Each structure stands twice: as C-alpha cells, then as structure tokens.
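Please read all numbers here as calculations on a predicted model, not as lab measurements. Along the sequence shown, the residues carry numbers beginning at 1.
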Amino acid sequence: ATDKVKKGDKVTVSCAEGDTGFIYKGELKFEKNVQDLGELPEVGLKIMMNVGNPETAFSFGQLPNEGIGLARLEFVINNAIGVHPKALLNYDTLD
C-alpha cells in the first residue's frame with residue numbers, strides 16, 4: 001500500500017463490503033445512519049444465531065438475541081491460528 005499511496009494522498013478506507021477492507025482513491029461521499037437498537041419491540045420468539053466467523057459473532061452479540069453459536073469449528077480454529085486444521089493434519093504432504 002505504501003508504494004501506491006503517497007503522503008498527503010486522500011483515500012477512503014472501507015470495511016463495509018465484508019471481512020476484507022478496501023482502499024479507494026480520493027474521499028468518497030458517504031452518509032452515516034445511526035439506529036438506536038435499544039428501542040426494538042419484543043417479537044414473541046427467541047432469536048438465536050449460528051455464525052462461522054468469531055469476529056462477526058461479537059458484533060452480532062450486540063443485537064438483541066437469545067444466543068449465538070459458532071458454526072464450522074474449522075473456521076474458528078483457522079481464525080485463531082491462521083491455518084486450516086486439515087492443513088495441519090496433512091502438513092507433511094503439502095507442497
């Protein structure tokens with residue numbers, strides 16, 4: 001990034017597209033909408049979630065819910081140590 005972006009260049013850094021952040025040339029116009037989640041009505045059922053990414057589990061935990069489960073344990077392990085568990089099991093056969 002430091003080869004492309006020079007000191008004083010105006011850029012926009014966005015993480016709104018998902019797990020990957022993007023850098024855009026210039027200052028992009030945006031609108032900030034703030035929602036007060038403290039005033040949501042009861043819906044008459046328990047909302048529970050299963051997510052695969054531990055980082056999103058934390059942000060989803062800020063929403064009203066009755067519980068969050070982490071699905072796909074290999075994603076949890078990969079996120080924590082940076083290697084898929086299957087790659088560890090077959091390490092001696094990898095190129």
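Within the 4.5 Å cutoff, the side chain of L63 has no heavy atoms near those of the I47 side chain.
Taking each heavy atom of F60 and I68 in turn, the nearest pair found is C-CD1, 3.6 Å. Of all the heavy atoms in E27 and K10, the pair that sits closest is OE2-CD, 2.7 Å.
For the atom pair CG of D9 and NZ of K25, the computed distance is 8.0 Å after rounding to the nearest 0.5 Å.
Among residues two or more places apart in sequence or in another chain, the side chain to side chain contact (heavy atoms under 4.5 Å, CB included) test is passed with L89 by none.
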